[in-house]
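Everything below concerns the one structure shown next.
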Amino acid sequence: MAKFAANLSMMFNEVPFTERFARAENAGFKGVEYLFPYEESAEDLAALLKKHQLTQVLFNMPIGDWDSGGRGMACLPGSEKVFAEGVYKALEYALILGCKQIHAMAGKLDGQFTQEQQHECYITNIRYAADVMAEHGINVLIEPINIRDIPGYFLTTQNQAESLLKAIDRENVFIQLDIYHCQIMEGDLLRTIERLWGKFSHIQIASVPERHEPDSGEINYFWLFRKLDEMGYQGWLGCEYHPAGHTEEGLEWLIKAQS
């Protein structure tokens, strides 16, 4: 049966961040993910995970100033030192939180560099992160993101991610397969999952096009959940969606999915 992780950056926003762990537990979640943990101490977060019997499934490496448009720096030549500092910051948190997967956001294309320069920079930085994390049994994830939500993002399709995996050539680098982004950019979801089998280690879900609960929109998630079970998927399904209303009131889909 699928394992669902609540994304605490998007869900349970009715309460402050540190109170969302209790809400997730009460709602029946066994794991959590979120964008960034760095405004809280790792020790405080670890205590919340323990108190509420939750697994830390995933979080992102530092990406620069989100409010100013920062969406990662892995592909940005000249940012290698800051990227490396972010690798070790993420590692510090991962070790304390017991987290085995870290997502490295790619960043946006920058016109002052050629695409080839950014391509090579990205490969070099992800290799560096992978080598650091490998010593601790941690995977580095790369995620294609649709061009509607983040125009100009470096990594946008699963085909591109496959090609990058081959170039990066590290055993602990996997795709973070966000079904929401994949549907917008490519579709053909089941065949894409079959093609990528063994190349992704984490899946995220949300409805398309609104990015709400996965029981609405153009994707039949319940059918897809059954297919993933039949295929033997053992990873987590991260619920990275914006609730259409009050978070708890929209969780009937979770009961159905787990029944």
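Dense packing is recorded around CD of E85, with more than 12 heavy atoms of other residues, nucleotides or ligands lying under 6.0 Å away. Within 6.0 Å of CG on L95 lie more than 12 heavy atoms contributed by other residues, nucleotides or ligands. In this structure, K30 places its NZ atom where only 12 or fewer heavy-atom neighbours from other residues, nucleotides or ligands lie under 6.0 Å away.
Checking each of Y38, Y88, F36 against Y93 for a ring-ring contact (aromatic ring centres under 6.0 Å, His included) leaves exactly one that passes, namely Y38. Applying the side chain to side chain contact (heavy atoms under 4.5 Å, CB included) test between Q158 and each of I193, D178, D188, L196 identifies L196 as the sole match. Among E218, H242, H212, the single residue meeting the side chain to side chain contact (heavy atoms under 4.5 Å, CB included) criterion with S207 is H212.
Note that K256 lies in the cation-pi zone of F222, set by a 6.0 Å cut-off to the ring centre and a 45° limit from the axis.
At distances below 3.5 Å, at least one donor-acceptor pair connects side-chain atoms of Q160 with backbone N or O atoms of T156. T114 contributes a side-chain N or O that, together with a main-chain N or O of Q117, makes up a donor-acceptor pair within less than 3.5 Å. In this structure, the side chain of N146 does not engage the main chain of H181 through any donor-acceptor pair within 3.5 Å. Under a 3.5 Å cut-off, the side chain of R148 and the backbone N or O of I184 do not form any donor-acceptor pair. No side-chain donor-acceptor contact under 3.5 Å links E213 to the backbone of A206. Side chain of K3 to main chain of Q234: a donor-acceptor pair is present (N/O by atom type, distance under 3.5 Å, no hydrogens or angles). In terms of modelled atom types and a separation under 3.5 Å, the side chain of N26 and the main chain of R23 share no donor-acceptor contact. In this structure a side-chain-to-backbone donor-acceptor pair under 3.5 Å is missing from Y122 to L155. In this structure, E14 contributes its side chain and T247 its backbone to a donor-acceptor pair below 3.5 Å.
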Run the numbers on F225 and F4 for ring-ring contact (aromatic ring centres under 6.0 Å, His included), then give the verdict.
-> CA-CA 11 Å; F225 295 156; F4 295 97; 5.2 Å; yes
Please test K227 against L190 for side chain to side chain contact (heavy atoms under 4.5 Å, CB included), starting from the C-alpha separation and ending with a verdict.
-> CA-CA 8 Å; K227 288 296 181 181; L190 181 61; 4.2 Å; yes
Please report the C-alpha distance between L49 and T55 in whole Å, then the side-chain angles of each, then the deciding distance to 0.1 Å, and finally whether the side chain to side chain contact (heavy atoms under 4.5 Å, CB included) criterion is met.
-> CA-CA 7 Å; L49 292 170; T55 297; over 6 Å; no
Distance-only check: which donor-acceptor pairs under 3.5 Å involve side-chain atoms of residues 96-106, not counting sequence neighbours?
| from | atom 1 | to | atom 2 | distance (Å) |
| --- | --- | --- | --- | --- |
| Q101 | OE1 | S201 | OG | 2.7 |
| H103 | ND1 | N60 | OD1 | 2.9 |

Return all side-chain donor-acceptor pairs below 3.5 angstrom for residues 127-139, not counting sequence neighbours, or 'none' if the list is empty.
| from | atom 1 | to | atom 2 | distance (Å) |
| --- | --- | --- | --- | --- |
| R127 | NE | I168 | O | 3.1 |
| R127 | NH2 | A167 | O | 2.6 |
| D131 | OD1 | R170 | NE | 2.8 |

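A donor and an acceptor atom, one from each side chain of Q204 and E33, are located under 3.5 Å apart. For the residue pair Q56 and Y34, a side-chain donor N or O sits within less than 3.5 Å of a side-chain acceptor on the partner.
One finds a salt bridge joining R211 and E240 here, because a Lys/Arg side-chain nitrogen approaches an Asp/Glu carboxylate oxygen to under 4.0 Å. Salt-bridge annotation for E162 and R195: present, with a side-chain N of the basic residue lying under 4.0 Å from a carboxylate O of the acidic one.
Ring centers of F29 and W236: at least 6.0 Å apart, outside the cut-off.
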